[in-house]
Amino acid sequence: MKKIDSFEEYQEQYEKSIENPEQFWSDIADTFNWKKKWEKILDWNFSEPNVNWFKGGKLNITENCLDRHLKTQPNKTAIIWEPNNPNDAHKTVTYKELHEEVNKTANALKNLGVNKGDRVCLYMPMSLELSYTVLACARIGAIHSVVFAGFSAKSLADRINDASCELLITADGFYRGKKYIDLKQIADEALEITPSIKHSLILKHSNMDVTMKQGRDLWFHEQVNYQSTECEATTMDAEDPLFILYTSGSTGTPKGVVHSTGGYMVYAEYSFRNVFQYEENDIYWCTADIGWITGHTYIVYGPLLAGATTVLFEGTPTYPNPGRFWEIVEKLKVNTFYTAPTAIRALQACEIENVTRYNLSSLKTLGSVGEPINEEAWQWYYKHIGKEKCALVDTWWQTETGGIMISPLAGITKEKPTFATYPLPGIQPVLVDEKGNIIEGNNVEGNLCIKFPWPSMIRTTWGDHERCKNTYFSTYKNMYFTGDGCKRDENGMYRITGRVDDVINVSGHRIGTAEVENAINSFEGVVESAVVGYPHDIKGQGIYAYIICEGNIENNETLSQLVRKHITTEIGALAKPDKIQVVSGLPKTRSGKIMRRILRKVAEGNFDSLGDTSTLLDPSVVNEIVEKRDLVG
Ligand code: WTA
């Protein structure tokens, strides 16, 4: 696949993609290996919604990630695994070895009775085997559902049950920084309430002792090691689901975003090559976890489709010290480095010697993803990491979009700090006002929608198509609604301003306020709660919880700690409130709706502009909330 080489070419390609999307995507799709060519490029409506790309086409994505590279570059490194502990050796896997490992794993899954269309849940450390199992599922047409290994037993069980997964693949445990995560024990707790699970495959990763449940638990190595290194790739329809990935929204429990095989494949490689301007021998490193969409598309699928060398890092930015990222960049001679603003801000707050003691001259391209990047972080990243020589791409996208939607193309698009700049070819963003009118022209602000389909877009939410329709395609007619607010400047460049719904973005992780409220409300003695986001120096947004308790309970540290612990077991540590305030009432309208606007203002410490409170059922609760804000635990 040829990449775009100049801004003029980007403009030409963009025009072409709008005027004739079918021809545009057909030319790109032609560069892949299909077992049978599609009959129709695109068939769509956003009202049901029903979107089909490359209809009738047959393929297997792993043949494109692996087999097609075997002829040209079997001995090229596909994955470099960098362990949590820098004293342990890193490992490299060539394309030939990866092909063999994936096939062995795929044969093991088949042997356990996993068939095309079955769901397999992966709850694993950032290990090589996680990448093998993702691809092994794809090899045999099983649908993978990766659950981030920081989620609680309950969250894991909910996700397993929602998709009726038959197999869970997990590990004994692993270290994240200094902290040991007893993954097997958490998984065991989940498996007590997951009737669909027939087997659990356990990877020996930390070598800690674990108890195996007879008849259910099997060792990964015992099932995989003896398998054949050949496994025929199952023929898939372009529209067959490739994976489910759960993500939070403004209401209810997390939903399983479903991605297709053909469209996702085409867009993953296209966006990877163009945004990062990938070149043949680049070492590429995305620091995300495979448990999130960034890891799916830009650690596993995108780079492997492009035949790149991708780094898979098990650790954290600050262990054993805040120089870890840069030590790895120097050691592996990383050319492209892709991380989240929260990590940049955390490292920016540390001594600069953590950066300057390393040689970062291999770097060509820097990327940012997951949340808006503030100007200070952008400048620090550009200056201290990129030495004012590297391209910096601020990439806006979502779990639902499958791939990067709005972003500079590295070294081609002139950057503007805090702006994701321009849409990729094929992407048609629009800004709309509250009523759904499209806002034309420049120097405007509105809600970000996409008015035309793109190949890697969400197809449905698992088990509940209505929910997909209601969440994304009903707010504005005939448009996909992103949930983000956005500005367009005088040159037509886009700047994402953050969520306009009840989703908070904490350290680049999406958390639904309703989810946290439900978890808090299930804590004994809590009557009601309301959760909002507030600006946080490192995390971008922090979680602020207002809670009403039974009896005369005042704010106190013990209560706050207990609530936090409860959230950790209900959802996971990532959803722990930063601030908890006990209140006697919440600001509600006469119809009983919580006025979050007021709660957000108080959480921000912005008391002067609380706005009109006269419509409240009991305006005095606002005074109490403001007065007691200092007592937050
Ligand atoms: C936010 C992550 C500003 C946004 C790939 C979006 C961003 C949500 C950016 C999706 C960016 C992601 N600038 N905001 N460059 N990238 N976001 O599903 O609010 O975990 O809706 O996907 O993150 O988060 P998700």
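Just so it is clear, the model here is predicted, and its values are computed rather than measured. Indexing begins at 1, ligand by ligand and atom by atom, following the structure's order.
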Please tabulate, one pair per line, all N/O donor-acceptor pairs under 3.5 Å involving side-chain atoms of residues 594-605, not counting sequence neighbours.
from: R596; atom 1: NH1; to: E517; atom 2: OE2; distance (Å): 3.0
from: R596; atom 1: NH1; to: V531; atom 2: O; distance (Å): 3.0
from: R596; atom 1: NH2; to: E517; atom 2: OE1; distance (Å): 3.4
from: R596; atom 1: NH2; to: E517; atom 2: OE2; distance (Å): 3.0
from: R597; atom 1: NH1; to: L610; atom 2: O; distance (Å): 2.9
from: R597; atom 1: NH2; to: D612; atom 2: O; distance (Å): 3.4
from: K601; atom 1: NZ; to: S609; atom 2: O; distance (Å): 3.3

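The pair R510-E400 meets the salt-bridge criterion, with a side-chain N (NZ, NE, NH1 or NH2) lying under 4.0 Å from an Asp/Glu carboxylate O. Under the 4.0 Å criterion applied to side-chain N and carboxylate O atoms, E371 and R345 are assigned as salt-bridge partners.
The only member of F272, F276, W285 that meets ring-ring contact (aromatic ring centres under 6.0 Å, His included) when paired with Y338 is F276.
Scanning for side-chain hydrogen bond (donor to acceptor under 3.5 Å, both in side chains) contacts around N470 gives an empty result, with sequence neighbours left out.
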Identify the protein atoms, limited to N or O, that lie within less than 3.5 Å of an N or O atom of ligand 1, and list each pair with its distance to 0.1 Å.
from: ligand 1; atom 1: 13 (N); to: E371; atom 2: O; distance (Å): 3.4
from: ligand 1; atom 1: 14 (N); to: P372; atom 2: N; distance (Å): 3.4
from: ligand 1; atom 1: 15 (N); to: D394; atom 2: OD1; distance (Å): 2.7
from: ligand 1; atom 1: 15 (N); to: T395; atom 2: O; distance (Å): 2.8
from: ligand 1; atom 1: 16 (N); to: G370; atom 2: N; distance (Å): 3.1
from: ligand 1; atom 1: 17 (N); to: G370; atom 2: O; distance (Å): 3.4
from: ligand 1; atom 1: 18 (O); to: T399; atom 2: N; distance (Å): 2.8
from: ligand 1; atom 1: 18 (O); to: T399; atom 2: OG1; distance (Å): 2.5
from: ligand 1; atom 1: 18 (O); to: R510; atom 2: NH1; distance (Å): 2.7
from: ligand 1; atom 1: 19 (O); to: D484; atom 2: OD1; distance (Å): 2.6
from: ligand 1; atom 1: 19 (O); to: D484; atom 2: OD2; distance (Å): 3.4
from: ligand 1; atom 1: 21 (O); to: Q398; atom 2: NE2; distance (Å): 2.9
from: ligand 1; atom 1: 21 (O); to: D484; atom 2: OD1; distance (Å): 3.3
from: ligand 1; atom 1: 21 (O); to: D484; atom 2: OD2; distance (Å): 2.6
from: ligand 1; atom 1: 21 (O); to: R499; atom 2: NH1; distance (Å): 2.8
from: ligand 1; atom 1: 22 (O); to: T399; atom 2: N; distance (Å): 3.4
from: ligand 1; atom 1: 23 (O); to: G370; atom 2: O; distance (Å): 3.1
from: ligand 1; atom 1: 23 (O); to: N505; atom 2: ND2; distance (Å): 3.3

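Sorted by first and then second residue, the side chain to side chain donor-acceptor pair (under 3.5 Å) pairs involving residues 452-463 (not counting sequence neighbours) are E239-R459, S260-R459, T460-H465.
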